[in-house]
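Notes follow once the structure below has been shown.
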Amino acid sequence: MNRLDRRQLLISGVTAALLGSRGAWAQSQATFRIGALNPVTGSGANFGSGMQKSIVFAAEEVNAAGGAAGRKLEVFSEDDQTSPNAAVLAAKKLLEVHRVQAILGTWASGVSLAVLPMTNTANVILMHTSGAVALADPKINAKKLAFRYQGSSKHLSRAFAEAARKEGLRRPAVMAQNNPALAPHAEGFRKVWEGAGGKLTDFVLYEPGRPSYRSELQQVLRSKPDGIILSAYVADATAIVRDWGQLGTPMKWIIPGFGANVDFIKGVTPEVAEGIVVVESVVNERSSAYARFARQYALTMKQAPESNVYAAMCYDMVQVLALAIEAAGPGADAVAVAAKVRDVTTGKGQPVGSFEEGKKLLAQKKAINYEGASSSVDFDDENDVDPTFAAFVIRAGKWQRAYAING
């Protein structure tokens with residue numbers, strides 16, 4: 001046998017071994033592989049590490065309870081960099097190299113919109129925290145494999161309108177970044193506000209990535225609003241509010257939580273941020289799931305758990321996924337698991353706050369209803385939840401909860 005023949009034989013043997021091992025893995029179905037795709041860097045970095053670590057410790061919790069339908073949850077973590085381009089590359093690795101059956105925790109709408117066609121093609125579940133209304137479009141989520149754990153732009157629009165009314169605004173203006181999540185939020189606010197008879201002094205969609213938005217800000221200020229609804233991520237919100245602080249024009253601001261986090265407060269200074277109203281979805285504080293999540297999050301991250309509602313959503317994703325796997329039974333594929341998500345979360349089943357608790361009831365053939373750490377996790381026909389919102393006011397550099405909002 002010559003050297004080439006031996007080399008070909010060796011390659012053939014290795015290929016056969018790899019195919020054989022992959023086939024054995026597929027037949028045994030001993031694991032359910034999860035991709036944790038989160039914004040560890042980029043504009044979502046303030047939340048991403050906590051989201052990713054929450055997926056990991058939630059999976060460890062499920063595995064400690066014996067796994068789901070006899071299957072261990074195996075987590076593969078990637079950073080989407082809060083960038084659609086980076087997310088596509090990371091998702092490709094998760095799908096093609098690690099062969100994950102679910103991707104959990106995409107945050108930015110642009111990222112989720114970029115990844116969803118990939119998960120659809122692969123018949124893989126996507127659980128995300130993005131607000132873009134388009135993610136619930138029947139054409140985009142045709143296979144019903146995507147589940148939203150955050151309020152969509154339509155929910156946030158209603159929450160902002162209620163906050164504006166409670167703050168006594170009569171003639172606000174709107175500024176919003178022109179992207180798939182924030183522009184629909186602004187349009188939704190206008191529809192709700194004007195539908196109730198309200199007036200807007202101006203409505204400005206600006207393009208992201210510019211060094212300054214002072215001209216747009218000055219245009220809005222010239223319309224003499226009694227408040228500004230700003231829908232922006234941290235970098236833009238910081239630039240806009242910092243410019244406003246330099247101009248010295250008195251103004252009430254209402255900003256989403258993802259745009260007015262601790263980095264925003266540091267960037268504009270606590271003095272400038274004083275009194276700004278922040279609208280954000282809030283955790284399900286009364287649930288046993290939240291108590292369990294909060295203990296582990298504080299231990300793992302050395303941070304207050306209420307500071308990262310998206311991490312609580314990621315914790316719920318793993319709990320719900322595991323319960324759906326358990327309900328679908330041994331060897332079920334991702335499509336079959338997705339079909340069980342609403343069964344274990346939405347309806348009149350017995351309330352449960354953990355995978356372990358739900359697993360025992362499912363073994364007894366009882367219906368369950370998971371009550372999550374982030375919300376009640378009741379999905380509507382579009383696979384969206386309707387979370388609870390609250391308004392916070394920035395005082396001395398920190399959020400202070402002011403009142404609840406029905407989003």
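This chain uses plain numbering: 1 for the first residue, then up along the sequence.
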Has [X] got a side-chain atom pairing as donor or acceptor with [Y]'s backbone, closer than 3.5 angstrom?
{"X": "Ser49", "Y": "Val40", "value": "no"}
{"X": "Asp316", "Y": "Ala373", "value": "yes"}
{"X": "Thr238", "Y": "Val268", "value": "no"}
{"X": "Asn178", "Y": "Leu205", "value": "no"}
{"X": "Lys144", "Y": "Asp381", "value": "yes"}
{"X": "Arg170", "Y": "Lys199", "value": "no"}

Give the ring-plane orientation class for Phe189 versus Phe160, where under 30° counts as parallel, over 60° as perpendicular and anything between as tilted.
-> perpendicular

What is the ring orientation for Tyr310 with Phe47, classed by angle as parallel under 30°, tilted 30 to 60°, or perpendicular over 60°?
-> perpendicular

Pairing of [X] and [Y] as salt bridge, 4.0 angstrom limit:
{"X": "Glu357", "Y": "Arg292", "result": "no"}
{"X": "Glu187", "Y": "Arg190", "result": "yes"}
{"X": "Glu216", "Y": "Arg210", "result": "yes"}
{"X": "Arg395", "Y": "Glu274", "result": "yes"}
{"X": "Asp384", "Y": "Arg148", "result": "yes"}

Heavy-atom check, side chain of Val279 versus side chain of Ile405, under 4.5 Å = yes

Can you name the nearest heavy-atom pair linking [X] to [Y], along with the distance?
{"X": "Asn284", "Y": "Ser287", "value": "O-OG, 2.9 Å"}
{"X": "Val111", "Y": "Thr82", "value": "CG2-C, 4.0 Å"}
{"X": "Gln52", "Y": "Ala36", "value": "NE2-O, 3.2 Å"}

Go through the side-chain N and O atoms of Tyr213 and Asp236 and say whether any donor and acceptor fall under 3.5 Å apart.
-> yes

Residues Gln219 and Asp202: side-chain donor-acceptor under 3.5 angstrom | yes

So ring pair (Phe, Tyr, Trp, His ring centres under 6.0 Å) across residues 226-251, not counting sequence neighbours, yields Trp107-Tyr233, Tyr233-Phe258, Trp244-Trp253

Derivation of the salt bridge (Lys or Arg N to Asp or Glu O under 4.0 Å) call for Lys154 and Glu382 | CA-CA 13 Å; Lys154 64 182 180 182; Glu382 296 178 329; 3.2 Å; yes

Taking atom CD of Glu167 as the centre, does the number of heavy atoms from other residues, nucleotides or ligands within less than 6.0 Å exceed 12?
-> yes

